[in-house]
Engineer: 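Right, I'll just put the structure down here and ask away after.
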Amino acid sequence: QVQLVESGGGLVQAGGSLRLSCAASGLTFSRYHMAWFRQAPGKEREFVAALSWRSGDTYYADSVKGRFTISRDNGKDTVYLQMNSLVPEDTAVYYCAADRRSLPPTYEYDFWGQGTQVTVSS
């Protein structure tokens with residue numbers, strides 16, 4: 001059974017940083033593209049970042065480019081999202097996702113975590 005468990009969310013002031021983690025189990029992690037999405041209250045879920053298992057290429061939404069960094073540790077079966085220079089508009093539930101084939105502009109992922117709340121105060 002595949003499980004993705006996010007952690008690291010919390011409350012932070014604008015301008016601050018957080019690092020989210022997503023621990024995977026039940027899959028061959030090193031062979032999965034990994035991604036982060038987020039969903040703010042009253043809004044649809046949106047893509048944040050992705051990382052290819054094959055090439056190591058990274059992909060970012062324009063709104064987070066230059067502020068967020070996605071990375072992975074295959075030895076720990078974990079993907080990270082380092083978030084710097086946070087702004088209130090980054091407030092959302094953040095989800096990690098895994099898929100063997102999907103990379104932007106395709107956003108269909110087979111497996112999803114339960115999410116972790118990030119709140120940025122002004």
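Numbering of residues begins at 1 and proceeds along the displayed sequence.
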Engineer: Taking atom CD as the centre, does Gln114 end up with more than 12 heavy-atom neighbours from other residues, nucleotides or ligands that are less than 6.0 angstrom away?
Structural biologist: no

Engineer: With side-chain contact (heavy atoms from CB on, under 4.5 Å) as the criterion, how do Arg101 and Asp110 come out once you've worked through the C-alpha distance, each side chain's angles and the decisive distance to 0.1 Å?
Structural biologist: CA-CA 9 Å; Arg101 294 167 297 277; Asp110 283 341; 3.6 Å; yes

Engineer: Rounded to the nearest 0.5 Å, what separation is found between the CE atom of Met83 and the CG atom of Leu18?
Structural biologist: 4.5 Å

Engineer: Is there a donor in the side chain of Asp57 and an acceptor in the side chain of Ser52, or the other way round, less than 3.5 Å apart?
Structural biologist: no

Engineer: If you measure from OG on Ser63 to CD on Glu89, what distance do you get to the nearest 0.5 Å?
Structural biologist: 10.0 Å

Engineer: Look up atom CG in Leu81 and atom CE in Met34, then write down how far apart they are to the nearest 0.5 Å.
Structural biologist: 11.5 Å

Engineer: So Phe29 and Asn74, side-chain contact (heavy atoms from CB on, under 4.5 Å) or not? Walk me through it.
Structural biologist: CA-CA 7 Å; Phe29 179 78; Asn74 288 339; 3.2 Å; yes

Engineer: Nearest 0.5 Å please: distance from the CG atom of Asp77 over to the CG atom of Leu27.
Structural biologist: 7.0 Å

Engineer: How far apart are the closest heavy atoms of Cys22 and Leu4, and which atoms are they?
Structural biologist: SG-CB, 3.9 Å

Engineer: So Gln82 and Ser17, do their side chains get closer than 4.5 Å, heavy atoms only?
Structural biologist: yes

Engineer: Can you confirm whether or not the ring centre of Phe37 sits under 6.0 Å from the ring centre of Trp112?
Structural biologist: yes

Engineer: Answer yes if Val48 and Val118 sit in the same cluster of Ile, Leu, Val, Met, Phe, Trp and Tyr residues linked by side chain heavy atoms under 4.5 Å apart, and no otherwise.
Structural biologist: yes

Engineer: Shortest non-hydrogen contact from Lys43 to Gln39?
Structural biologist: O-NE2, 3.0 Å

Engineer: Is there a donor-acceptor contact under 3.5 Å from the side chain of Thr119 to the main chain of Thr91?
Structural biologist: no

Engineer: Please tell me if the side chains of Phe111 and Asp99 come closer than 4.5 Å, counting only heavy atoms from C-beta onward.
Structural biologist: no

Engineer: Is the charged tip of Arg38 near the ring of Tyr94: under 6.0 Å from the six-membered ring centre and within 45° of its axis?
Structural biologist: no

Engineer: Please determine whether residues Leu103 and Phe68 belong to a single hydrophobic cluster, defined as Ile, Leu, Val, Met, Phe, Trp and Tyr linked transitively by side-chain heavy-atom distances below 4.5 Å.
Structural biologist: no

Engineer: Can you measure from CZ (Phe47) to CG (Asp62) and round to the nearest 0.5 angstrom?
Structural biologist: 10.0 Å

Engineer: Could you report the tightest heavy-atom contact between Trp36 and Glu6, atom names first, then the distance?
Structural biologist: CZ3-CG, 3.9 Å

Engineer: Kindly indicate whether the side chain of Tyr60, heavy atoms from C-beta on, has any atom under 4.5 Å from the side chain of Thr69.
Structural biologist: yes

Engineer: With rounding to the nearest 0.5 Å, note down the distance linking OH in Tyr59 to CD1 in Ile70.
Structural biologist: 11.0 Å

Engineer: Measure across Ala14 and Ser122 and return the closest heavy-atom pair with its distance rounded to 0.1 Å.
Structural biologist: CB-CA, 4.3 Å

Engineer: Could you check whether any side-chain N or O of His33 sits under 3.5 Å from a backbone N or O of Trp53, counting only pairs where one atom can act as donor and the other as acceptor?
Structural biologist: yes

Engineer: Decide if atom NZ of Lys76 counts as having more than 12 heavy atoms of other residues, nucleotides or ligands within a radius under 6.0 Å.
Structural biologist: no

Engineer: Identify the two heavy atoms, one from Cys96 and one from Val79, that lie closest to each other, and give their separation to 0.1 Å.
Structural biologist: CB-CG1, 4.5 Å

Engineer: Are Leu51 and Leu20 linked, directly or through other ILVMFWY residues, by side chains that come within less than 4.5 angstrom of each other?
Structural biologist: yes

Engineer: Looking only at heavy atoms, what is the nearest atom pair of Ser121 and Pro88, with distance?
Structural biologist: C-CG, 4.5 Å

Engineer: Quick one, Asp90 with Arg67, criterion salt bridge (Lys or Arg N to Asp or Glu O under 4.0 Å). Give me CA distance, side-chain angles, the key distance, then yes/no.
Structural biologist: CA-CA 11 Å; Asp90 294 319; Arg67 300 188 298 122; 2.7 Å; yes

